[in-house]
Amino acid sequence: MSFHIRSFEAYQAAWKKSQDSPDAFWRDIADSFDWMEPFSSVKTGDFNADHVRWFEGGKVNITANALDRHLPNRAQETAIIWEPNDPQESTRTLTYGELHAQTCQFGNALKSLGIKKGDRVVLYMPMTPELTIAVLACARIGAVHSVVFAGFSAQALSDRIEDAQAKVVITADEGRRGAKTIPLKATVDAATAHSNCVKSVVVQKITGAACHMESEKSVYWHDLVAGHSTVCPPEPMDSEDLLFILYTSGSTGKPKGVVHVHGGYMVYAGYSFSNVFQYQPGDVYWCTADVGWITGHSYIIYGPLLNGATSLMFEGIPTYPDAGRFWEICAKHQVNQFYTAPTAIRSLMASGTEPVLRHDLSSLKVLGTVGEPINEEAWQWYHDTVGKKRCPIVDTWWQTETGGIMISGLGSLSPMKPAHAGYPLPGIHPVLLDPSGQEITENNAEGLLCIAQPWPSMIRTTYGDHERCRNTYFRPFPGHYFTGDGAKRDEQGLYRIIGRVDDVINVSGHRFGTAEIESAINETSGAIESAVVSYPHDIKGQGIHAFVILDATATDMPAIQLQEAVRNAVIRGIGKIACPDRIQFVTALPKTRSGKIMRRILRKVAEGEHESFGDISTLLDPGCVDLLVRGAKQLQTR
Ligand code: WT7
């Protein structure tokens with residue numbers, strides 16, 4: 001692709017061009033994609049306007065660029081390598097030709113269910129090639145996909161289905177993760193039992209487990225596609241037409257549906273993938289994320305396929321059948337670029353070096369990390385033990401809302417410093433602001449990370465609530481996109497992400513709002529009120545500490561039983577991934593006279609601080625702090 005940067009000098013020149021003439025910069029990149037009709041303007045609006053629009057007037061379909069474009073020369077080349085959960089089962093591969101045909105066929109199948117351009121389809125699926133096919137088929141026919149991570153509970157799934165008003169849900173009988181099977185169809189049944197919007201449920205057969213198939217609503221994938229043609233022309237989409245909704249947590253309220261569109265998202269996913277991973281034709285690239293998160297959307301499916309790359313997709317988990325599974329797969333498929341999360345690195349580190357050293361990792365060229373800050377120890381282990389000190393690490397900072405990687409090294413071209421994401425990609429203009437909104441211009445500084453210029457894959461809206469989008473991202477600091485992260489910039493201008501400055505917590509790279517977990521906890525019978533904070537956790541990055549007040553009906557039950565009840569409430573409301581690591585029952589929370597919980601104090605208590613709480617004179621009952629500390633000590637020593 002013509003936007004592929006090959007040297008640090010070229011990087012610097014590109015960045016400068018993006019600053020001096022942003023429209024020309026983005027036009028050149030966008031011009032390397034196939035447009036059914038050319039766009040008439042590069043960008044309209046700015047962060048202060050109600051909307052920023054990219055490539056208006058253009059007609060495009062992201063799948064025409066991710067699939068059809070490669071058919072003349074590369075139809076026989078591998079698009080997807082699929083590695084199953086169980087290493088005894090065989091690998092599946094799909095060429096570009098096959099992926100194209102199956103996408104078209106499933107697109108026609110969706111049309112036969114009445115799905116039209118603009119309709120929403122929810123995908124609640126395990127990591128199999130059918131998930132990629134379903135995503136692409138939606139995009140192909142102009143339907144809006146919304147993938148929900150298959151670890152979310154029926155309640156969380158139902159919230160998302162109803163918010164998106166999905167007409168079809170695609171799922172599987174059961175998913176497989178390590179030694180466990182996960183009942184997916186049963187969860188979809190529970191989530192859709194009272195739904196008025198869902199008309200059909202498509203079920204991929206994986207384990208063959210018997211599942212309840214209501215005759216007029218549920219249909220097996222293989223029965224549905226049978227007989228449909230493998231020809232399905234890509235729906236011409238306006239650049240700004242919706243491509244997908246992906247739900248993510250904010251600091252308040254329910255998760256919000258982040259909206260991305262065909263044109264700008266395509267341009268940025270393709271451009272960023274090619275440069276960050278320095279992908280070369282013939283390389284095998286593997287991102288270990290789940291397609292349920294933005295990383296899987298942009299860097300398992302769209303980014304690689306837009307570049308005609310070979311993308312490996314893994315159904316299982318890093319520790320099954322043993323802690324060598326990742327490295328075994330790297331060796332088996334001669335993986336060249338490997339992209340994972342710090343939490344996975346830390347958990348594998350705990351199993352020692354032997355499972356790594358057992359496998360031939362000489363094919364690796366670039367290692368990537370994403371999702372949370374990587375601590376220096378994990379960075380060193382990744383660099384030395386996995387990369388044998390010869391592979392650069394790209395520490396990629398970005399968000400669901402940014403659509404693509406914003407700050408990161410580009411393969412081995414950029415300077416690299418442990419735990420630093422580094423420099424922004426060309427076209428991305430990060431700034432640090434102080435709390436009053438003043439820009440901090442000097443280096444060696446710390447502030448609130450904001451982005452000063454629009455970029456093509458920026459969030460367009462939060463589905464159904466544009467005001468919420470404006471208020472969360474664009475109004476806190478007018479003229480800027482506010483990330484919610486704090487960051488440092490060193491003497492050389494390299495960025496280091498510190499973490500969230502709002503009530504969003506990051507557990508094993510998964511993002512939750514404290515308010516969301518609290519409202520799930522409050523569904524426990526006997527729970528009156530709760531407050532959730534994070535504390536540093538060796539493997540997960542952040543652990544969840546919940547403080548819960550119970551009413552008189554619950555207080556005589558044994559604590560173990562009550563903790564179990566709280567855990568179950570979170571599993572019901574959100575899913576296991578949001579379960580508190582520590583549950584502390586308290587009689588009071590530290591509140592100010594105006595009734596606001598002083599989370600600063602709870603965070604200190606959860607972090608194991610026992611003495612210096614600063615000024616607590618504004619608390620209604622300063623004495624409650626001692627009780628909190630005593631309770632926390634008991635939990636922490638257990
Ligand atoms: C939040 C976004 C983007 C894909 C996965 C997460 C944190 C992300 C890094 C990194 C430090 C990081 C930030 C960000 N984060 N990447 N390389 N270093 N922190 O997407 O669920 O939308 O979460 O993840 O705090 O705001 P997400």
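Counting starts at 1 for both ligands and their atoms, in listed order. These numbers were taken from a predicted model, which means no experiment stands behind them.
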> Polar contacts were defined as any N/O atom of the residue lying under 3.5 Å from an N/O atom of the ligand; does this apply to Thr248 and ligand 1?
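The answer is no, given that Thr248 and ligand 1 share no N or O pair closer than 3.5 Å.
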> Checking His51 now: which residues fulfil ring pair (Phe, Tyr, Trp, His ring centres under 6.0 Å) with it, not counting sequence neighbours?
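Once residues adjacent in sequence are excluded, the partners of His51 under the ring pair (Phe, Tyr, Trp, His ring centres under 6.0 Å) criterion are His466.
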> Hey, are Arg599 and Glu518 close enough for a salt bridge, meaning a charged N less than 4.0 Å from a carboxylate O?
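Here Arg599 pairs with Glu518 in a salt bridge, since their nearest N and O are under 4.0 Å apart.
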> Which of the numbered atoms in ligand 1 are under 4.0 angstrom from any heavy atom belonging to Asn506?
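Those atoms are 7 (C), 24 (O).
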> Please work out whether the ring planes of Tyr473 and Tyr481 are parallel, tilted or perpendicular, with thresholds of 30° and 60°.
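Rings of Tyr473 and Tyr481: parallel, as their planes differ by under 30°.
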> Can you sort out which atoms of ligand 1 are near Thr295, meaning under 4.0 Å from one of its heavy atoms?
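The atoms of ligand 1 under 4.0 Å from a heavy atom of Thr295 are 4 (C), 5 (C).
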> For Asp485, counting its heavy atoms only, list the atoms of ligand 1 lying under 4.0 Å from any of them.
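Numbered from 1, ligand 1 contributes 13 (C), 14 (C), 25 (O), 26 (O).
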> Indicate, as side chain, backbone, both or neither, the part of Ile497 found under 4.0 angstrom from ligand 1 when only non-hydrogen atoms are considered.
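Side chain only.
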> Where is the tightest heavy-atom contact between Val52 and Gly45, given as atom of each residue plus distance?
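Scanning both residues, the minimum pair turns out to be CG1-O, 4.0 Å.
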> Check whether any side-chain N or O of Arg582 sits under 3.5 Å from a backbone N or O of His545 as a donor-acceptor pair, and report yes or no.
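Side chain of Arg582 to backbone of His545: no pair is present.
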> Quick one: nearest non-hydrogen protein atom to atom 18 (N) of ligand 1, plus distance?
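The protein heavy atom lying closest is Glu372 O, 3.4 Å.
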> For atom NZ of Lys576, is the number of surrounding heavy atoms from other residues, nucleotides or ligands below 6.0 Å larger than 12?
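For Lys576, atom NZ is not crowded (no more than 12 foreign heavy atoms under 6.0 Å).
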> Under a heavy-atom criterion of less than 4.0 Å, does Trp293 contact ligand 1?
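It does not, in that no heavy atom of Trp293 comes within the 4.0 Å cut-off of ligand 1.
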> Before signing off on this row, confirm whether Arg511 and ligand 1 have an N or O atom pair separated by under 3.5 Å.
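Among all N and O atoms of Arg511, at least one is under 3.5 Å from an N or O of ligand 1.
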> Write out the residue and atom name of the closest protein heavy atom to atom 6 (C) of ligand 1, then the distance separating them to 0.1 Å.
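Going atom by atom, the protein heavy atom closest to atom 6 (C) of ligand 1 ends up being Gly371 CA, 4.0 Å.
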> By the side chain to side chain donor-acceptor pair (under 3.5 Å) test, which pairs, at least two apart or in different chains, include something from residues 148-161?
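Sorted pair list: Gln155-Asp159, Asp159-Lys254.
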> Output the list of atoms in ligand 1 that are nearer than 4.0 Å to some heavy atom of Thr396, sorted by atom number.
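So the answer, numbered in order with elements, is 9 (C), 10 (C), 16 (N), 17 (N).
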> Could you tell me whether Trp286 and Phe326 have their ring centroids closer than 6.0 angstrom?
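Ring centroids of Trp286 and Phe326 are less than 6.0 Å from each other.
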> Would you mind checking which non-hydrogen protein atom is closest to atom 3 (C) of ligand 1, with the distance to 0.1 Å?
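Residue, atom and distance for the closest contact: Trp398 O, 3.1 Å.
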> Against ligand 1, does Gly499 come closer than 4.0 Å with any heavy atom?
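It does not, in that no heavy atom of Gly499 comes within the 4.0 Å cut-off of ligand 1.
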> Can you find an N or O of Thr369 that's nearer than 3.5 Å to an N or O of ligand 1?
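No; the residue has no nitrogen or oxygen that sits under 3.5 Å from a nitrogen or oxygen of the ligand.
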> For Tyr320 and Arg177, test the side chains for any donor-to-acceptor distance below 3.5 angstrom and give the result as yes or no.
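Per modelled atom types, Tyr320 and Arg177 side chains form no pair under 3.5 Å.
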